[in-house]
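In what follows, a single structure is set out as structure tokens and then discussed.
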Amino acid sequence: LKKISRIKDEIGLFLHIISDRNIPADDVYEQINLRLDKYVVLPKEDNAEETVKLGRDAIALLVTVCNASGILQISTSLESYSILIDCNNFVDCSSLDNRTIARWKEALKKLETYGLIDRGFSEKENRVLSSLPHLNGSQIASGGFEKQFETYENDQFPLRDLWITLKAGTDRLMGKVESNGVYVGKSGYLMEEFKAPDQTQYDATVKAMTDFAQKHSDLKQYALIAPNSVNILSDRLPAFAPVQDQNSWLDSLSASLTDAGVTFIDVRSTFKDHKMEDLYYHTDHHWTTQGAYYAYLKAAKDMGIDTSADTYDKAPVTRSFQGTLSAKSGFRSGEKDEIDVFLPTGDQALSSVVNYVDEQKKSASFYDTEKLETRDKYALFFGGNHAQIKISTPTETDNTLLVLKDSYANSFIPFLAQHYRKIIMIDPRYYFGDLEQLMQVENVQEILYLYNANTFFTDTSLELALTTAEQDSSDTSDIR
């Protein structure tokens, strides 16, 4: 309490600066939510990045304690602390010495660790944590508030990360081989269980895909729903692990899509042939770049792509990747994975321009190497998931491919880029634009659905995106 009191005193000085400059609370709110390109406090150049982080944490702590103490109410979710502040437009932070900011940073970590304030994001689990749900009559009547509050309590439980690790260690000592839906398999593999999808949602997604396929029968359409390690490496599961059969659902999906004119790219046989290689990470749910490459070779055959001139150099970029399955289960907390990239070689290798549409940023690389310094090192590929990415490559053929995808596509698409003038990657979980209009404007000729099976069979966003596209197209036709 004494530490919190001191923090409030320091923040009181900060608020005094704000009041002296007559900056209203609305402006404070606006500036905190702006994601700007630079941080103006410039100490020593070699320490600029650390100062940015200190500043972000200081602002986050400011908002949290101000709200808690009633000094100043600022409504902002602060889902993560990746918020950059341009101090020229906010407040002159020159009076905040590094020692004060460092104390704020230390206090913030302690408050989070001991559960005195809520965390927006778990680096260990690489996911956004639930925030306190808003109370209203309809949620109480439906029981929704209780469920949301239970999730909130679980996510914000004091010392959550420590308890997960301790529980996993205790479970292993007791001979348990499963935690939070993750199994400890042979050869050091952690494998996520497969659960049969909700039949109603599955039917709705398949119907949306088949209706969309029939409406756009003039376009070539493909679906690659990648099997997970729990399927391909089922012989490495613990004995008698009660895992449901993923293959029956993939077979059903393949039949439905094939009947609608969608080419189902089935990589299961290919993966079975190479199962002794590292097709999946040991600590993460993604396929490795090697696995993505084998999937690409199979897809290329089905899509009529000539790969005879393709040559690559395989290069490791990190050997310290610890994935989401380790974080989720607490198992194998000391094990690390290697991440590789395949770099095209030869005289015919083409360079691409990557356009991050919403971020209004362009890059000449598929890889964001800064992500190798974070826990989510798989975000090396395209910097993680984005609503829309456009990739332009000076190929001889003038063809455009639309990819509706999850994160499995991120390590796969660089292989395809050598064969398409333009590739448009859409992640329906984050994209809220008009899909039909996008297809017309970009003159899309081919469509590829690329998901991993576990995500696909629990996803609701794809069905919504395709259904909305159908409705938008129908509304346009009615107006005409």
Side-chain angles (χ1 to χ4, degrees), residues 53 79-82 109 112-115 118-131 150-174 176-195 228-230 233 236-238 241 243 278-289 291 317-339 368 370-381 383-385 406-408 410-411 429 452 454-455 458:
K53 190 175 190 311
E79 291 179 342
S80 70
Y81 296 131
S82 57
K109 285 187 175 180
E112 286 183 338
T113 300
Y114 293 106
D118 293 344
R119 292 188 298 166
F121 187 82
S122 169
E123 264 198 30
K124 183 175 178 64
E125 297 176 79
N126 188 33
R127 69 180 182 88
V128 175
L129 300 176
S130 298
S131 56
E150 183 178 355
T151 302
Y152 162 74
E153 275 195 312
N154 290 334
D155 277 4
Q156 302 296 345
F157 193 83
L159 302 174
R160 173 184 171 82
D161 292 345
L162 175 62
W163 291 120
I164 289 176
T165 302
L166 290 176
K167 179 182 181 300
T170 304
D171 287 347
R172 292 296 291 135
L173 289 174
M174 296 175 64
K176 293 184 178 181
V177 292
E178 184 274 334
S179 176
N180 286 332
V182 178
Y183 290 98
V184 180
K186 301 172 185 176
S187 306
Y189 277 99
L190 295 179
M191 291 182 272
E192 189 173 29
E193 67 178 341
F194 170 74
K195 290 183 178 180
N228 298 96
S229 60
V230 72
L233 306 179
R236 303 187 194 186
L237 281 167
V243 177
D278 285 334
L279 302 177
Y280 302 93
Y281 295 108
H282 288 65
T283 66
D284 193 67
H285 69 285
H286 290 102
W287 57 18
T288 61
T289 318
V317 292
T318 181
R319 291 187 172 92
S320 60
F321 173 44
Q322 190 171 48
T324 55
L325 298 185
S326 176
K328 182 179 179 181
S329 65
F331 293 141
R332 304 201 185 284
S333 58
E335 184 160 343
K336 310 293 183 181
D337 276 307
E338 176 180 299
I339 296 180
D368 183 351
E370 290 184 0
K371 297 299 182 182
L372 295 176
E373 305 302 320
T374 70
R375 181 176 181 84
D376 184 17
K377 291 177 173 54
Y378 185 80
L380 163 76
F381 303 100
N385 294 313
D406 69 1
S407 57
Y408 261 53
N410 296 355
S411 57
R429 295 171 295 183
N452 80 87
N454 273 355
T455 297
T458 57

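The structure displayed is predicted, hence computed values, not measured ones. Hydrogens, waters and symmetry mates play no part in the numbers below; they use all other heavy atoms, side chains included. In this chain, residues are counted from 1 in sequence order.
Across Arg375 and Ala327, no two heavy atoms sit closer than the pair NH2-CB, 3.6 Å. Across Asn228 and Asn454, no two heavy atoms sit closer than the pair OD1-N, 2.9 Å. The minimum heavy-atom distance linking Ala379 with Lys371 is given by the pair O-CG, 3.4 Å.
A distance-only check finds no donor-acceptor pair linking the side chain of Thr374 to the backbone of Glu370 [under 3.5 Å]. Within the 3.5 Å criterion, the main-chain N or O of Thr324 finds a donor-acceptor partner in the side chain of Asp284.
In this structure, His282 and Tyr189 have parallel ring planes: the angle between them is below the 30° cut-off, well short of the 60° mark.
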(Q) Between Thr288 and Phe321, is the side chain to side chain contact (heavy atoms under 4.5 Å, CB included) condition met? List the steps. (A) CA-CA 11 Å; Thr288 61; Phe321 173 44; over 6 Å; no
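Looking at Arg429 and Asn385, their side chains come closer than 4.5 Å, going by heavy atoms from C-beta outward. In this structure, the side chains of Asn452 and Trp287 stay at 4.5 Å or more apart for every pair of heavy atoms. Inter-residue side-chain proximity for Lys328 and His285 is flagged as unmet; no heavy-atom pair is nearer than 4.5 Å. At a threshold of 4.5 Å between non-hydrogen side-chain atoms, the residues Val184 and Leu190 count as touching.
For the residue pair Asn180 and Ser329, no side-chain donor N or O sits within less than 3.5 Å of a side-chain acceptor on the partner.
Considering OG of Ser326 and CG of Asp337, their distance stands at 9.0 Å, rounded to 0.5 Å. Here the straight-line distance linking atom CD1 of Ile339 with atom CZ of Phe381 works out to 6.0 Å at 0.5 Å rounding.
Take Tyr183 and apply the ring pair (Phe, Tyr, Trp, His ring centres under 6.0 Å) test, not counting sequence neighbours, and it matches no residue. Applying the salt bridge (charged side-chain N to carboxylate O under 4.0 Å, His left out) criterion to Glu338, with sequence neighbours excluded, gives Arg319. Qualifying side chain to side chain contact (heavy atoms under 4.5 Å, CB included) partners for Ser320, counting only residues two or more places apart in sequence or in other chains: Thr318, Lys377.
Screening Tyr281, Tyr378, Tyr280 for a ring pair (Phe, Tyr, Trp, His ring centres under 6.0 Å) involving His286 leaves a single residue, Tyr378.
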